[in-house]
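Below is one structure, written out as structure tokens, with a few remarks after it.
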Amino acid sequence: MARKVDGRPAATPDVLKRPYDPSGVEQRWYRVWEEAGFMSPAPNDGQEPFVISMPPPNLTGALHYGHAVIVTYEDIMIRWRRMQGRPTLWLPGTDHAAIGTNTVLMNQLAQQGRTRDDLGRDGFEQLFWDWIGKSGGTIRTQIRRLGASCDWTRERFTMDEGLSRAVNEAFVRLHEKGLIYKGSYLVNWDPQDQTAVSALEVEHETVVGSLWYVRYPLADGGHIVVATTRPETILGDTAIAVHPEDERYSNLLNGQAVVPVVDRRIPFITDPAVDREFGSGAVKVTPGHDPNDYQMGMRHDLDMINILNEDGTLNENAGRFAGLDRFDARNEMVKWLQDRDLIENIVDHEHSVGHAERSGSIIEPMLSEQWFVKTKPLAAAAANAVRDGRIRFYPERFADEFLRWMDNIHDWCISRQIWVGHRLPVWYCRSCGETIVSAEAPASCGECGGDLEQDPDVLDTWFSSGLWPFSTLGWPDDTDDMRRFYPTTVMQTGYDIIFFWVARMVMLGIELTGEVPFRHVYLSGLMRREDGSKVSKSDPRPGDDPEEVLERFGADALRYMIATAGTPGSDMKLVWQKLEASRNFMNKLWNAARFTVEAQAARSLEPAPPTDVDRWILGRLDRTVAETTARLESFNFGEAGRGIQDFIWNDFCDWFIESSKIRLHGDEPAAAARAAATLADVLSTSLRLLHPYMPFLTEEIWSHLLGAVSGLESDHIIVAPWPQDKGRGSHPAVEEISALAEAVRAIRNARREANVEPGKWIEAVIRPGPRADILEAESDFVKRLARVDPLRLAGSDEAPPKNAVAIVAGGMEIYLPLEGMVDLEAERDRLLGQTRELEAEVVRAGESLSNEKFLSRAPADVVQKRRDRREQAAGELAAIRERLDSL
RNA sequence: GGGCAAGUAGCUCAGCCGGUUAGAGCGCCACGUUGACAUCGUGGAGGUCACAGGUUCGAUUCCUGUCUUGCCCACCA
């Protein structure tokens, strides 16, 4: 027989060693599941499938907590639905992340002192594919490590052959319908990555800069003052605008101003967009480098001058400043103006500056020829799908956010001047200049037969991710998977990409497939650091890497912490103590399992009928089953998880296991067999409830149970049936035993107050009132758990013992005759204190019960409840007063 | 500038489609080697549910306003 460290014999089999150690266990079970094919959908039996497209992690490096959050919630849903018997498909994959990956690769090259031009496009693409292989492998391993029960046989990558075909097809179809167009517009230009980005990829940051008041000479002499935050853009000015009703400047309208440095003569225009109160009331107009001015330029047909090169230096239009970097140019310009006394004033000014999400560099609005998606018609259809309930959001407030964005949408710039991503399916004829948009590469120009050249640009990464729910199922082909699994059921992702991704999927899904891509959108919060700061790629800190947590606590602990960390849609913090609490819970369950397995030795006999204690725990179990199922239905994963723990720890371990020891160690084999059977029953059901949260631990325990218990529903818990509520929660024993537990608690409390040694057995006398039967049947429950013996039931006409501590609890009067230990004074004080509390209670209840309006307006059950409460309090009060009198 | 969320025990957070003595984990205090578990057990202390009004028989929960914090959206030079 195995020995414990302290020398006591251990009756538990060696396989259930304590404490629970997740390392090894987790990887082992994952392999078993994968090899058995449990994670692929069951064959088509006509049942409605439950489908989730896993948000594809970016291949920009390793896993982060965002992925852990996604895996946790989605795996909970998938495992739960699988256990319910639904055919489930959870389709995993990865995303090439275009600019994100581009940044990673460019940084790697920079560290070697190289640029992408050293490699050339082919060489750079080779580098990309090498990286994809490496990063993809890491990510796949980590997703497995988290326990994601997804279908790896259907894994996809946004740039694999099928998905690339889908991208081309989507582009061509949208282009044919006029929903994709090319044009020269003011775009957000990232001078560092040297590419256009979409408005969503620009992050605005409020900074305190300067507002320069600049004197522009007038052609007819004199000057006009204009305020600007970007003096270098003076070089691109093509007008000066004032408000039409601004009389201060009405006399200047026919004249011209002279742009400093370049000496260009520019007209005055009037436009109601000008704010008379701001600055001098006159504004310089730079249509080539400011969105506002661009609009104004369009309205007034102004010249549009581009003063920047793609790398952010100034071009030949900048005169003497050509070749300078944009920031140097600003300083030089100010100096130049100051030298000529053309700066009237400089004031601090708070304004917002756009930065590129990836590179962090300041965005320059710049004229550029790009490809765009015409979003208005797509957005209208998407908004309708949400308004009419075809798509539902959880929490609901995100639907409003979604709609607001859709209603104010701008066209989407989808071309990027980088080398990572899907090349535009666009070719130009070298001879005649013809543009050809085609899903397949054409051999030659259809017009003149000339040679073709493919457009060098690639697509925004979100264009391909926008197709994800259907491109992964085989679209544009009419595949079995597409027919069976589309539309998908739930889309769950972080709320931070609702516009980037969710919105695009809805727009493109409806347009290209005619159906919404998913029915439910569950948006989860972000995982923050313990101090509340955001985990960021640009500023990594120790603790940001989930790998550490997996090492120390295992995937189950991390998952449970994430699932129970908060409420839907709200951010959560990575709190170390919560991970410890998860681990402790796992250990608690593990030990309960050891106990249960050990107890099965008693199951050789035909079990006795269930006792009220059995009925109580089975009733509590059924209530937990019902609650958990309802909470999962409504996406309340945190509440569900906490409820399961509450049941396992507080009901099962603290009360049922403790009380089962009476029967297990007693001398009635049939009773012991019943206790063992109930233990196994409750444990196996609890494990199934918990499995979606802690797949590894529950599978491990299940495997040990298999050897000890018969009648388990399945060889593997992952495919075991989800528990059913058998309605035992309404059995009277549920309340009866709860009352006994309340009595036990009260006795323990009284013992403590009377300074009775915890281990000491003391006598108790109970006047059971209406609980005589249950107390008779389960007196051992009270005896053992309250450590009282002998326990004597007194008739209602019998006088209570004199020198005793008196307690009223669970509808019973309990007396603990503690000879020589009862301090009469202290006892009287204690009882007086209780009297006061009860009196207050009676008064409170009495006030509302004597209130006519309460009686007439409050619902009947509320009134009844209050009556009951008053009655109970009054009863207890009477008993205590009687006791006081006798002292 | 507009919008959203949050403000509940020392800390991290639940709860509240109005009605219980407002809960959990951690922390704290006291006690405990009772054969599942010290990653534990038992008992306890600790909250004017941000503030001010209003609706109601009754408000932590609903409404209005204020303050604080966080986030999103927005072309004010």
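Proteins get letters first, then strands, A, B, ... in listed order; numbering begins at 1 in each.
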Inset, instruction - Go ahead and name the base partner of B:A5; Watson-Crick or wobble counts if both distances stay under 3.5 Å, otherwise write none. - result: B:U69

Inset, instruction - Please confirm whether A:Y249 and A:F268 have ring centers closer than 6.0 angstrom. - result: no

Legend entry - Most 5' of A:L211 and A:E530 on RNA chain B, judged by nearest nucleotide: A:E530

Inset, instruction - Counting heavy atoms from C-beta on, name the nucleotide in B:G41, B:C37, B:C31 closest to the side chain of A:N591. - result: B:C37

Inset, instruction - Look at A:K588 and B:G41 and indicate whether a side-chain polar atom (N or O) is within less than 4.0 Å of OP1 or OP2. - result: yes

Legend entry - N or O in side chain of A:R18 less than 4.0 angstrom from B:A38 OP1/OP2: yes

Inset, instruction - Kindly assign one of parallel, tilted or perpendicular to the pair A:F656 and A:F652, based on the angle between their ring planes and the thresholds 30° and 60°. - result: parallel

Legend entry - Partner nucleotide, any strand, of B:A74 [Watson-Crick/G-U, under 3.5 Å]: none

Legend entry - Proximity to the side chain of A:K578 - top-ranked nucleotide from B:A30, B:C4, B:U12: B:U12

Inset, instruction - Between B:A36, B:G32, B:C40, spot the one nearest the side chain of A:W649, thanks. - result: B:C40

Inset, instruction - When you get a sec, tell me which of B:G19, B:A14, B:C40 is the closest nucleotide to the side chain of A:F854? - result: B:G19

Legend entry - Nearest listed nucleotide, side chain of A:R404, among B:U34, B:A77, B:G3: B:G3

Inset, instruction - Hunt down the Watson-Crick or G-U wobble partner of B:U12, both distances under 3.5 Å, from any strand shown, or write none. - result: B:A24

Inset, instruction - Return the 5'-most residue of the pair A:T564, A:A581 with respect to RNA chain B, ranking by each residue's nearest nucleotide. - result: A:T564

Inset, instruction - Find the partner of B:U55: check Watson-Crick (N1-N3 plus N6-O4 or O6-N4) and G-U wobble (N1-O2, O6-N3) distances, both under 3.5 Å, and reply none if neither fits. - result: none

Legend entry - A:I240 CD1 to A:I269 CD1 distance, which is reported to the nearest 0.5 Å: 10.0 Å

Inset, instruction - Please answer whether B:A77 and A:H349 are stacked, defined here as ring centres separated by less than 5.5 Å and planes angled under 30°. - result: no

